[in-house]
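Below you'll find the structure, written out as C-alpha cells, and then a few comments.
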Amino acid sequence: MCGIVGHIGTGDSADILLEGLKRLEYRGYDSSGIALLNGDSIFVEKAVGKLKNLTDKMAQHTVSGTSGIGHTRWATHGGVTHLNAHPHTSSDNVVVVHNGIIENYRELRETLSAQGYHFVSDTDSEVIGHLVVEKLKTYDKPAALLRAVLEELDGAYALAIITKDFPDCLLVARNASPLAIGVGEDACFVASDAMAMSEQTRRVIYLKDNDYAIIRQEGAEIYDGDHNLVNREEVIVAASPGLVSKGGYRHFMEKEIHEQPDAITHTLAAMTDDAGALTAGLTDEQLQQIKGIVFLAAGTSNYAGQVARYWIERLAGVPVNVEVASEYRYRAPVSSHLTHAIAISQSGESLDTLMAMRYAQEQGLSTIGLVNVDHSTIAREADAILPTRAGPEIGVASTKAFIAQLTALLALAIAIGRANGALSPDEASALHEEMKSLPSMVGKTFSLFDELRPVAHDLARVSSCLFLGRDSLFPIALEGALKLKELSYVHAEGFAAGEMKHGPIALIEDGLPVISLLGSDALAPKVISNLKEAQARGATIILFAAESVADDVDFATHTCRLPDCGEYLMPFITTLPMQILAYLTASEKGTDVDQPRNLAKSVTVE
Ligand code: F6R
C-alpha cells in the first residue's frame, strides 16, 4: 500500500527521504511526495507517477531540511492526481503523510468544512492535517496534541506529521498499518518498512497497534493506546542495502525467479534439520496437537495454502480449510473441528490476513505465521512462526516467496505426518530426501526462458486464455492465471480441469489458448481426456507436462517437457514455467513487470 518515511536530525532530509522512498516504492507508485521543515519554512514537492518523477523535480531545487516526511501512494480515496498526492498541507503550518484508510473521514470532513477548513483533495487523509491545525488551538504539547487528533480518527493508519509549532519533532502513530522507528547516531527515522531505513540504521523499534510517538533527533517518546509512556524493544534488523539491487537482471522479477533454488535451500534449512525433523516453530508434541488447520491468506499466498491442503490431508490425515482472508471473519466460520490457524503471508503485513488471524485467535485457535519478513506484524502476533527465507522480494508479483511458502508447507506436512504417525519415519525421510533435490530441479527450468519466448509472443496477442490443472496442480493453474493477468493484463482464468464440462467449456472457441498442467500421476489419463474435450472444441493446447507423460498428449500445439519427479514436487516444477511465461508475455507487451498497474506489494488496507 502506501509507504511513509520520516527523518529528523543530522543529515540532509531530502536525500534520506528520497532514498527511503526508493526502497518503499514497491508499496505503491501512483504518486510520491516529500515535505521538509527548515526553521520557519516548510517546503513540499510532489509528483504523479513513479518516484523518478519526484526525484527529477527535486534535482531542480536546492532546498534542505533537518526534518521531513515522505510518501509513496497507492490510491484508495481519490484518483491518481497531483492534488491527491501526499503530503497534505494545512494552513501552511502542518504537513501529513498517511497510509491506511480513515473510515470516518466523511463526518470529519463535514465538521471541518463547517469550521472553515478548505479541502483541495479527494483523499480521506486530508482531514488529518486540518484536524491537527484545529487541535493546535487547544494543545501546546506535541503528545497531547497527537492524542487529541487520534481520538477523532477511526480506521487503519500509519501517519507522520510535521508542524512549525514543534519544529524539533515528528509526530507519528500507527493503528493496523505498519510503522517502525529507526534509531541512528544523531538522527531518528520512521518508515512503513524497516528496509526503507536500512541505509541509515539497523536499530529498529516496531510500534504496536494504537501506539503513538513523538520522535526527536535524540530518540523517541512512545505512548501506548492507553496513553502510558512505554518502552518498546529495540531490535537489530538484518536488512542489508545490498540485497535490493537488480544484480544485472533486467527486472527484479527476473532476478527473483532465478533466486528460487536459493529460496528453497534456505527455507528448507530454516525449517528442518538434515534428517528432516522440524526445527522451526513447533515441537513434536505441538505437531501432534494439530488436529485441523485453517489457512488464512490472500492471492498467491492463498494458492500456496490450497496446494498444502492436498499435501497435509494426504501425508498427515489432518483436515484442512483454506480461506480467502478477506472473507473469513465476516461469515461466522465454524472452527470447532480445527485447532490451528496458519496465516500465510510474504510481507506479514497484508491487513486482510492479519485481521483474519486475529479473528482466529479470538475463536481460540492457535495461530502460526508463515511469513517471509521476520519482524512483520503477523510474525509478532502469531503464537508460533514458520519462516520462509526467500529474502527481500521487490517485484510486486510474488515468485520466490511462493516457492519458499510451498517449501515450508511441504516440510510442515511431512513433519505433521511423521509426528502423528500417518507417515513412518522412513517414508518421512524419503520425502525429505526428495525435497533436497528441488533446488537443482528447479534450476533446470531456467532454460525455459528461451523455449517459451515464441509461446509468449503469441500469448501477448490474445485477449483471453485459460489455465487448467487437477489435484495439487489446480492451485498452480490458478497461480499461472493470476501471474499472467497481473503482469501482462491478458485476461486469464484458472480452472480444475475436471470442472470444465460443468460450464467453463462454453468459453472455448477457435484458437483460445488453454495452458495445461500435467503430472505423471494417477489422474493423468483423466486430465488428458479433459484436454482432449477442450481441443475438440477448437482450443489451442499449450502443454506443460512431466517428461514421461508428455507424449501421451499428441494434440498439443506446444509441449513443454518438465523433469519427472514425485507428485509432491510437481507443484514446484510447474510453477516456474508459469512465472516465466507471464514474465515473457509482459516483456513482449512492454508492461511494467516489476510494478504492474494498479497494484502494490503489501496491501495494508481492507
Ligand atoms: C500476486 C501477489 C499477491 C500477494 C497477496 C498477499 O503475485 O503477490 O497476490 O500474494 O497480496 O500478499 P502477502 O503474501 O504479502 O500477504
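Read the numbers this way: they start at 1 and go in the same order the structure lists the ligands and their atoms. Side-chain atoms are counted along with the backbone in the values below, which use heavy atoms only and exclude waters and symmetry mates.
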Which of the atoms in ligand 1, numbered in the order shown and given with their element, are less than 4.0 Å from a heavy-atom of Ser345?
13 (P), 14 (O), 15 (O), 16 (O)
Would Glu349 count as a contact residue for ligand 1, given that I'm defining contact as a non-hydrogen atom of the residue lying under 4.0 Å from a ligand atom?
no
Return the residue, atom name and 0.1 Å-rounded distance of the protein heavy atom closest to atom 6 (C) of ligand 1.
Ala298 O, 3.4 Å
Within 4.0 Å of some non-hydrogen atom of Lys483, the atoms of ligand 1 are 1 (C), 7 (O)
Out of Ala397, Ser350, Ala582, who is nearest to atom 13 (P) of ligand 1 when you count heavy atoms only?
Ser350
Does Arg329 pair with Glu362 as a salt bridge, N-O distance under 4.0 Å?
no
For atom 7 (O) of ligand 1, find the nearest protein heavy atom and state the residue, atom name and distance (0.1 Å precision).
Glu486 OE2, 2.5 Å
Counting heavy atoms under 4.0 Å, the part of Val396 that contacts ligand 1 is backbone
For a side chain to side chain contact (heavy atoms under 4.5 Å, CB included) check, start with the C-alpha distance between Glu381 and Thr367, then their side-chain angles and the critical distance, and finish with the verdict.
CA-CA 9 Å; Glu381 293 193 14; Thr367 55; over 6 Å; no
Minimum heavy-atom separation for Gly155 to Asn175, with atom names?
O-ND2, 2.9 Å
Is Arg453 salt-bridged to Asp450, going by a charged N under 4.0 Å from an acidic O?
yes
heavy-atom search around atom 15 (O) of ligand 1 in the protein gives Ser347 OG, 2.6 Å
Parallel under 30°, tilted from 30 to 60°, perpendicular over 60°: which one fits the rings of Tyr249 and His258?
parallel
Taking a cutoff of less than 4.0 Å between a non-hydrogen atom of the residue and any ligand atom, is Asn372 in contact with ligand 1?
no
What protein heavy atom is closest to atom 3 (C) of ligand 1, reported as residue, atom name and distance in Å?
Thr300 N, 4.0 Å
Under 30°, 30 to 60°, or over 60°: which ring-plane class applies to His71 and His86, parallel, tilted or perpendicular?
parallel
Against heavy atoms of Gly299, which atoms of ligand 1 measure under 4.0 Å?
9 (O)
Going by side-chain contact (heavy atoms from CB on, under 4.5 Å), Met578 matches just one of Thr399, Leu482, Ile476, Leu478. Which one?
Ile476
Is it the case that ligand 1 has an N or O less than 3.5 angstrom from some N or O of Gln405?
no
Do we get Arg597 above Tyr489's six-membered ring, with its NZ or CZ under 6.0 Å from the centre and within 45° of the axis?
yes
Can you name the closest pair of heavy atoms from His98 and Ser125 and give their distance?
ND1-OG, 2.8 Å
How close does the nearest protein non-hydrogen atom get to atom 11 (O) of ligand 1, and which residue and atom is it?
Val603 CG2, 4.3 Å
Which atoms of ligand 1 sit under 4.0 Å from any heavy atom of Ser301?
10 (O), 13 (P), 14 (O)
